[in-house]
A.B. asks: 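This is the structure I want to talk about, given as structure tokens.
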Number of protein chains: 2
Amino acid sequence: MASLKLNDIPPDIVIGRLPLYLRALTRLKQEGNDVTSSHELGRHLGISSAQIRKDLSHFGGFGKQGTGYQIEYLVAKLEQVLQVDREWLVIVVGAGNLGSAIAHYRGFADRGFRIAWLVDASAEKIGQKVGDLSVHPISDMQTIIRQNGVKVAMLAVPAEHAQSVADQLIDAGIRAILNYAPITIKVPDNVKVQYIDPVVHLQTMTYFLRSED
Amino acid sequence: MASLKLNDIPPDIVIGRLPLYLRALTRLKQEGNDVTSSHELGRHLGISSAQIRKDLSHFGGFGKQGTGYQIEYLVAKLEQVLQVDREWLVIVVGAGNLGSAIAHYRGFADRGFRIAWLVDASAEKIGQKVGDLSVHPISDMQTIIRQNGVKVAMLAVPAEHAQSVADQLIDAGIRAILNYAPITIKVPDNVKVQYIDPVVHLQTMTYFLRSED
DNA sequence: AACTGTGAAGTTTTTCACAGCC
DNA sequence: GGCTGTGAAAAACTTCACAGTT
């Protein structure tokens, strides 16, 4: 049953832009708009209108000629495409400053994710409260994942432990890892990894900070 | 004085990979290696060796045929290209959970950046200690930036304030902004912005989590 | 009149494949 | 034999431009 119309295989680079569209659309909605256009969306995102139309066209015709896009409808469709029309339970590994900040962040809930567990390796952190969560021992990690069918993990451990923790996560059934450790990890083809390393972004920008103006 | 050999204008996408090369090389060095090859680097990063050679060739010939790349030399060259062969002072705006986590993070210092100031808008946070830093009032922000010639900022404020704070940052002289707020901000051409929004990464991955295996 | 969806054209990025060097 | 640096070829991605619809 092809519940989602795929005219062809959408390139990964297109998938990477859909969350941005979704974010901008949600904002437009909050601001009281009901309808938008590829031009307006593009202006908000710094992307050409043609690209937005082309991207969306991979998943079916969501707009109306002459009118544009019904925001609510398009949001629903994009959520369906991205599979965030449900709630994903997330386990966070590492309860240091970063892991704690993640656990406290309020911005996951309404975008498809619930931080449900926080685990750490250090004995003195176990049992501590971090926001609504209490820290579980890392020895329980695989059991938590298996018993709850958890598929998504966030990795906030020191670089030297990232690979071995990732191996354990995957072994227990995790299929998507958001890795905050500044190191590339090796995973099988059926596991997705994305990286967040602020220094990489900063270093990309300093390249362009050559004295001109 | 062309202190840096540019055979042509390197595409932005190439610049974005250089910090990854730098990160992997630093790691290889730490592990005791003195020399590497485009193949080895590529294996570590999941990138083809041809791409690495092509990327590096934009900035000059850093390798030796038959031998590979002297890691220490290549690191020095890449740091020079990215301009992280110096220390950039960084101001962090927003001293909530995220701003605090950033201020505590030890991983900036040896990669070209020093978090030097933390400012916040809320009266009760002013004067508080966050790691080595104390929180300054946001009313001092522009003065701090101007008096110290700060060029790089990290933005960790709620989405609704991101644009107005960014405007103030730029007005005071900031030229690179790492934006953690989940919203696209408008900036002049001579200002660079990069975004970190964990939900965007998570949503990109859930797309691929279609039941197969 | 305004806007989408889309083939075709144009541009950018990646890979190939090999001459040249160690 | 092993590796780089690089033109040329291939692939991927973006923009153009317009027919078709509201």
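Proteins come first, then strands; the chains are lettered A, B, ... in the order of their sequence lines, and each starts at number 1.
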A.B. asks: Return the value, rounded to whole Å, for the distance between atom CD1 of B:Ile52 and atom P of D:dC3.
C.D. replies: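 The answer, rounded to whole Å, is 13 Å.
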A.B. asks: Just jot down the ring-ring contact (aromatic ring centres under 6.0 Å, His included) partners of B:Tyr105, sequence neighbours excluded, or say none.
C.D. replies: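 With neighbours one apart ignored, the set is B:Phe108.
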A.B. asks: Less than 4.0 Å between a side-chain N and a carboxylate O, is that true for B:Asp197 and A:Arg111?
C.D. replies: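 Looking at B:Asp197 together with A:Arg111, the answer is yes, because their closest N to O distance falls below 4.0 Å.
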A.B. asks: Round to a whole Å and report the spacing from CZ of B:Phe62 to C1' of C:dC22.
C.D. replies: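 Value for this atom pair: 20 Å.
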A.B. asks: When the distance from CG of B:Asp12 to P of C:dT11 is rounded to whole Å, what number comes out?
C.D. replies: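 It works out to 18 Å between those atoms.
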A.B. asks: Would B:Arg210 and B:Phe208 count as a cation-pi pair here, with the cationic atom under 6.0 angstrom from the ring centre and within 45° of the axis?
C.D. replies: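 Negative - B:Arg210 is either too far from the ring of B:Phe208 or too far off its axis.
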A.B. asks: Using the salt bridge (Lys or Arg N to Asp or Glu O under 4.0 Å) criterion, which residues pair with B:Lys29? Sequence neighbours excluded.
C.D. replies: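 So B:Lys29 forms a salt bridge (Lys or Arg N to Asp or Glu O under 4.0 Å) with B:Glu72.
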A.B. asks: Is it the case that the side chain of B:Gln70 and the backbone of B:Val35 share a donor-acceptor pair, with hydrogens and angles ignored and the cut-off at 3.5 Å?
C.D. replies: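 A pair under 3.5 Å: no.
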A.B. asks: Using whole Å, what does the distance between atom C1' of nucleotide C:dT14 and atom CG of B:Leu56 come to?
C.D. replies: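 Going from B:Leu56 (CG) to C:dT14 (C1'), I get 15 Å.
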A.B. asks: Listed by chain and number, what are the salt bridge (Lys or Arg N to Asp or Glu O under 4.0 Å) partners of B:Arg53, not counting sequence neighbours?
C.D. replies: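 B:Arg53 satisfies salt bridge (Lys or Arg N to Asp or Glu O under 4.0 Å) with no other residue.
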A.B. asks: CG of A:Asp8 versus P of D:dA11: gap in Å, rounded?
C.D. replies: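 Distance, rounded to whole Å: 17 Å.
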A.B. asks: With sequence neighbours excluded, tell me which residues meet salt bridge (Lys or Arg N to Asp or Glu O under 4.0 Å) with B:Asp171.
C.D. replies: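 Only B:Arg146 meet the salt bridge (Lys or Arg N to Asp or Glu O under 4.0 Å) criterion with B:Asp171.
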A.B. asks: What's the OH-P distance between B:Tyr69 and D:dC3, to the nearest Å?
C.D. replies: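 In whole Å, D:dC3 P lies 11 Å from B:Tyr69 OH.
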A.B. asks: A:His58 has an atom NE2; how far is it from atom C1' of D:dA12, in whole Å?
C.D. replies: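 To the nearest whole Å, that distance equals 11 Å.
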A.B. asks: Check the surroundings of atom CG in A:Asp110: do more than 12 heavy atoms from other residues, nucleotides or ligands lie under 6.0 Å from it?
C.D. replies: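 Yes, CG of A:Asp110 has more than 12 neighbouring heavy atoms, counting only those of other groups under 6.0 Å.
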A.B. asks: For nucleotides 15-22 of chain D, just jot down a letter per nucleotide in 5' to 3' order: B, S or -, based on protein non-hydrogen atoms under 4.0 Å.
C.D. replies: BBB--BBB
A.B. asks: Between D:dT4 atom P and B:Asp55 atom CG, what is the distance in whole Å?
C.D. replies: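 After rounding, the reported distance stands at 13 Å.
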A.B. asks: Would you jot down, in residue-number order, the residues of residues 13-38 of chain B having a non-hydrogen atom under 4.0 Å from DNA chain C?
C.D. replies: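 Of all residues in residues 13-38 of chain B, the ones placing a heavy atom under 4.0 Å from DNA chain C are B:Ile13, B:Arg17.
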A.B. asks: Which heavy atom of A:Phe62 sits nearest a heavy atom of A:Leu56, and at what distance?
C.D. replies: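 Closest pair (atom of A:Phe62, atom of A:Leu56, distance): CE1-O, 4.2 Å.
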